[in-house]
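As structure tokens, the structure follows; a few thoughts come after it.
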Amino acid sequence: MDRNQYKLNKNLAQMLKGGVIMDVTTPAQAEIAQKAGACAVMALERIPADIRAAGGVSRMSDPKMIKGIQEAVSIPVMAKCRIGHFVEAQILEAIGIDYIDESEVLSPADDVYHVDKTQFKVPFVCGAKDLGEALRRIREGASMIRTKGEPGTGDVVQAVRHMRMMQSEIRRIASMQADELYEAAKQLGVPYELVKYVAQNKKLPVVNFAAGGVATPADAALMMQLGAEGVFVGSGIFKSGNPAKRAAAIVKAVTNYNDPKLLAELSEDLGEAMVGINEQEIALLMAERGK
Amino acid sequence: MAKIGVLALQGAFIEHEQIFSRLGEEVFEIRQKKDFPADLSAIDGLVIPGGESTVMGKLLRELDLFDGIKTAIEKGLPVFGTCAGLILLAKEIEGEAPHLATMDICVRRNAYGRQIDSFDEKAVIPAFCDKPMELVFIRAPWIERVFGGAQALASLGGHIIAARQDNMLVTSFHPELTADPAVHAYFSRMVREYKNKRK
């Protein structure tokens, strides 16, 4: 991938900022999501809550199903490949997907290496739970980062932890003097140039979204106030009582995340939220996949 | 110093704010109805940024900004739309209902294809600058045709990529993502003319 393409790919992510990316499993759900104001959809066969419930190996979705969703909406369509599964990534690129999520939600295909994302023309988003992971994924070619959260739980605690961790590490780097950055780069296991960028700009070199466990407008606004530039909502929408209404409310909450009065109105009467599982009750920590 | 409101519902609005600030303008964000001045003397120009037009079109209506903005533009408030902003201003969108529908252009969304077909290009657009400019197209629309009072300012490969009609300026590319402030400076001049005339 040449530098220009990488720049274009990072720029697509700029267009998604302040928006909500929603998990959908059918063209009908994709249409509901688009109508509710999603800035992109993530096409997958099963939402994380069901992946978690079903157990077993979880893989890239059927390209036919993804194509159905591409035809149903005009907004960008993303899809997931397994960590390290560069052939799934090649397949997704071949069907013209707008963004690939190299995702810990699926079963990792490689327990050492991530996909070399610099070899692709299509942009990638990757999960990260701290600054080191984020910068390693960026070095591998990711043009967007999201927190890992703990998908499919409806519990926002991990997304909060990851976002706080990342922001506090960014602040720490930004406070260092020039000669300390070399050591910071060593400790984070990332190139010096990326650490220098973070120190100078007080942010990641790519867009940073929140993901994992966001279930309510308040959750979404919380993540925005903690520094997210947009939000992924997975199981939280289509596992709830009134998906269309909840989705629309979350979209508005992300735009006006600093207005508690409006957030109160948006939180009214949304019906049943997804039931959710507490962090302590889950056997499988997906966030621990791929570091 | 002119007061430029930037529609900040979704998308790449911060980039516009940064460029206009660098040009010495005063910028403010519009996220809901109370941010859009009822008294139009408190705003000299409006920017509708890139992002997803479906999202912004919906939020404009649901956050009750739609009528105020449409009326202000019709009364002559200078407006600058990039990419999704261009789509929102068009009177005609192929295969879809229009949004603000203030400008005499017909638009094709995602005209160049998906993200993998996004590109950038260098070209001279004499209306903005006599040096080559970097043009960034991201899932970009193009203008099928202009009619009525709208005039094409630039074309690329046979398709219109920038246009102007009185107080309205649109580009299908993203000048806010480059270091070149030529298009923003052009809009600043439009804003200044409007401000002087209003006095």
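The figures that follow rest on heavy atoms only: side chains count, while hydrogens, waters and symmetry mates do not. To find a chain, count down the sequence lines: A is the first, B the second, and so on, and within it residues start at 1.
Proximity of a side-chain donor or acceptor of B:N110 to a complementary backbone N or O of A:S74 within less than 3.5 Å is detected. Listed for the B:R31 side chain is a donor-acceptor partner under 3.5 Å among the backbone atoms of A:T255. Panel note: side chain B:Q10, backbone A:M15; a donor-acceptor pair is recorded below 3.5 Å.
In this structure the side chain of B:Q115 never reaches within 4.5 angstrom of the side chain of A:V122, judged on heavy atoms. Between B:L63 and A:N256 the shortest side-chain heavy-atom distance falls below 4.5 Å.
Closest of all the heavy-atom pairs between B:I116 and A:K121 is O-NZ, 2.9 Å.
For A:V77, the parts lying under 4.5 angstrom from a heavy atom of chain B are both the backbone and the side chain. For A:N258, no part lies near chain B; criterion is any non-hydrogen pair under 4.5 Å. Of the atoms belonging to A:N4, it is side-chain heavy atoms, and not backbone ones, that fall under 4.5 Å from chain B. With a 4.5 angstrom heavy-atom cutoff, A:K7 touches chain B only via side-chain atoms. Neither the backbone nor the side chain of A:E229 comes within less than 4.5 Å of any heavy atom of chain B.
The interface of residues 181-189 of chain B with chain A, defined by heavy-atom distances below 4.5 Å, is empty.
For the atom pair B:E15 CD and A:K17 NZ, the distance stands at 3.5 Å (nearest 0.5 Å).
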